[in-house]
Amino acid sequence: MIRNASSEEMTKLKMPGTTDRVNSDLLAWDPLFGNSVESSSLSSSSSTVSPPARPTTPLSVGTIVPPPRPPSRPKLPSGKLSGINELPRPFSPPVTSNTSPPSSASLPRAESSSSISSSASISAANTPTFGISRGPSPVTLGSQDTLPVAVAMSESVNAYFKGADPAKCIVKITGDMTVSFPSGIIKVFTSNPSPAVLCFRLKNTSKLEQILPNTQLLYSDPSQSDNNCKDFWMNMQAVTAYLKKSSEQNPSASYYNVDILKYQVSSNGIHSTPLNLATYWKCNPTTTDVRLDYKYNPESMAGPSALSNIQVVVPVDGGVTNMQSLPNAIWNSEQMKALWKISTISEKSENGGSGSLRAKFDVSEGPSNPSTVAVQFVSDGSTLSGVDIELVGTGYRLSLVKKRFCTGRYMADC
């Protein structure tokens, strides 16, 4: 018998023709990438909703007064690096707000430098949600404590598999980094004409082909010769002006996000894909057989990380009247698509994360035409590039670092 999926469940899917926004949707983390339809365990100080409007970053570097630089930093030119055209997210940071104003300006006190994971469905309409595990700590002007900032690193892997030939696999991996400033820090910045300059170092950058910093808010030294690390420091006057404007427009927000840089990761074909795919079709006038073989590839990651919320969508035309599948799939007769859902794939899975999805379709208007299979998944706690961050100097501390990678356009043809 044909199993019909609910419209709610199937509309979450995004096929190759409509998957262009999957990357930006999955990057929308909370608190560092915006809201989620699906909630996680959040403290009251980090619950946010999307604002009706947000301020824009300065239009040109010329309008920004250079901030105080660390003594060891050379003066930099204001020119930009060439961009990564495929990345859709603008540098104008999203501003998030609480459902109710906090009683006082506060900063998160979380000390963990590891990534936080949560479970959330993957779809074009939903984005995963994250929370900070500890409560807020008020910051006063006279406090000797370092100021906390949070960082999120998110990467998107786009891949196209053709048959079972590894040489025909096309891969592109991009990433971005966001810094989240808690609302209480604004008072500290605005009350100090020369706040401490926030400096940081990107580590393990040897696999990056290109780094595109937000030159409106970020400085770097182009003469740095070490290929495995890069130093950056922020224009504190421009950052303060942006945060102040954000606070005026959204006074109840508990934190404000700033997209500081984007990058592209070098890839090595199928060896850089977390999940290898190969599809097979057999189309007859009355039946259509489909098989998708998959294999978990931990070698593509900085460290083995489980893939979660895997969804596989297979369009089948030819007038399907019945479907038999293993494991069980859901057939949507209106969209003419079969859907498989797998909760987790990792080294601990059966056969080390290798397996097959099979289906046999009875068709009344066959033979069917082989179509493109679309796959989605997400992985929390790791990146593909291995890029990491550390703060340089004094005055600030990393209260939270989040890492993840997810699919952009991840497709397979026979």
Side-chain angles (χ1 to χ4, degrees), residues 10-29 33 36 38 84 86-89 115 117-128 152-162 169-176 262-265 267-279 292-302 304-315 337 339-346 349 353 355 357 371-385 402-413:
M10 294 306 298
T11 53
K12 291 182 180 179
L13 299 176
K14 193 161 190 175
M15 294 308 301
T18 59
T19 55
D20 295 86
R21 292 187 59 83
V22 170
N23 181 26
S24 60
D25 288 335
L26 290 174
L27 293 179
W29 301 359
F33 290 122
S36 170
E38 186 168 331
I84 301 174
E86 290 76 5
L87 290 173
R89 298 184 64 212
S115 302
S117 62
S118 71
S119 58
S121 63
I122 307 175
S123 71
N126 294 338
T127 55
M153 289 179 284
S154 177
E155 296 179 353
S156 174
V157 53
N158 303 270
Y160 177 76
F161 301 85
K162 181 67 175 178
C169 180
I170 302 172
V171 183
K172 184 170 185 179
I173 304 170
T174 57
D176 59 60
K262 301 178 186 294
Y263 56 87
Q264 183 169 333
V265 185
S267 59
N268 185 25
I270 196 170
H271 302 291
S272 299
T273 59
L275 193 65
N276 300 163
L277 304 176
T279 58
L292 172 69
D293 294 341
Y294 61 86
K295 181 181 179 181
Y296 176 73
N297 180 25
E299 300 300 324
S300 67
M301 311 168 198
S305 180
L307 310 180
S308 59
N309 296 325
I310 302 96
Q311 296 186 11
V312 179
V313 181
V314 182
K337 298 173 183 177
L339 165 67
W340 279 271
K341 291 184 177 182
I342 305 174
S343 59
T344 304
I345 297 177
S346 70
S349 301
L357 306 178
S371 63
T372 301
V373 176
V375 177
Q376 295 182 15
F377 55 79
V378 66
S379 181
D380 298 312
S382 181
T383 59
L384 299 172
S385 66
K402 299 177 181 178
K403 299 177 183 179
R404 72 154 31 188
F405 63 85
C406 60
T407 50
R409 294 174 61 87
Y410 211 86
M411 305 174 293
D413 276 327

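- Scanning both residues, Q311 and L339, for their nearest heavy atoms gives CB-CD1, 4.2 Å.
- Heavy-atom minimum distance, G269 versus V171: O-CG2, 3.1 Å.
- From D293, atom CG reaches atom CG of L357 across 8.5 Å, with rounding to the nearest 0.5 Å.
- Rounding to the nearest 0.5 Å gives a distance of 8.0 Å between OG1 of T279 and NZ of K162.
- A search for salt bridge (Lys or Arg N to Asp or Glu O under 4.0 Å) contacts involving D413 returns nothing, not counting sequence neighbours.
- Taken to the nearest 0.5 Å, the NZ atom of K402 stands 10.0 Å off from the CG atom of D380.
- By the side-chain hydrogen bond (donor to acceptor under 3.5 Å, both in side chains) test, N268 pairs with no residue at all, sequence neighbours left out.
- Across V378 and C406, no two heavy atoms sit closer than the pair CG2-CB, 3.9 Å.
- Under the 4.5 Å side-chain criterion, counting only non-hydrogen atoms from C-beta, R409 is not in contact with Y160.
- In plain terms, the two heavy atoms of K403 and T383 that are nearest each other are CB-CG2, 3.8 Å.
- Here N276 pairs with I270, T273, K295, N297 under the side-chain contact (heavy atoms from CB on, under 4.5 Å) rule; sequence neighbours left out.
- In this view, S379 and S305, L307, F405 satisfy the side-chain contact (heavy atoms from CB on, under 4.5 Å) rule, not counting sequence neighbours.
- Contact of the V373 side chain with the L277 side chain is not registered, since no non-hydrogen atoms from C-beta on lie closer than 4.5 Å.
- Applying the ring pair (Phe, Tyr, Trp, His ring centres under 6.0 Å) test to Y296 and every residue at least two apart in sequence or in another chain returns nothing.
- Within the model, atoms CD1 of I310 and OH of Y294 stand 8.0 Å from one another, a figure rounded to the nearest 0.5 Å.
- Proximity of Q264 to K172: side-chain heavy atoms (C-beta onward) are separated by under 4.5 Å at one or more points.
- Atom SG of C169 sits about 9.5 Å away from atom NE2 of H271, to the nearest 0.5 Å.
- When the options F377, Y410, W340 are evaluated for a side-chain contact (heavy atoms from CB on, under 4.5 Å) with V312, the one that passes is W340.
- Considering only residues two or more places apart in sequence or on other chains, S343 meets the side-chain contact (heavy atoms from CB on, under 4.5 Å) condition with none of them.
- The two residues T372 and P315 make their nearest non-hydrogen contact at O-CD, 3.4 Å.
- Of the inter-residue distances, the one linking S272 atom OG with L384 atom CG reads 8.0 Å to the nearest 0.5 angstrom.
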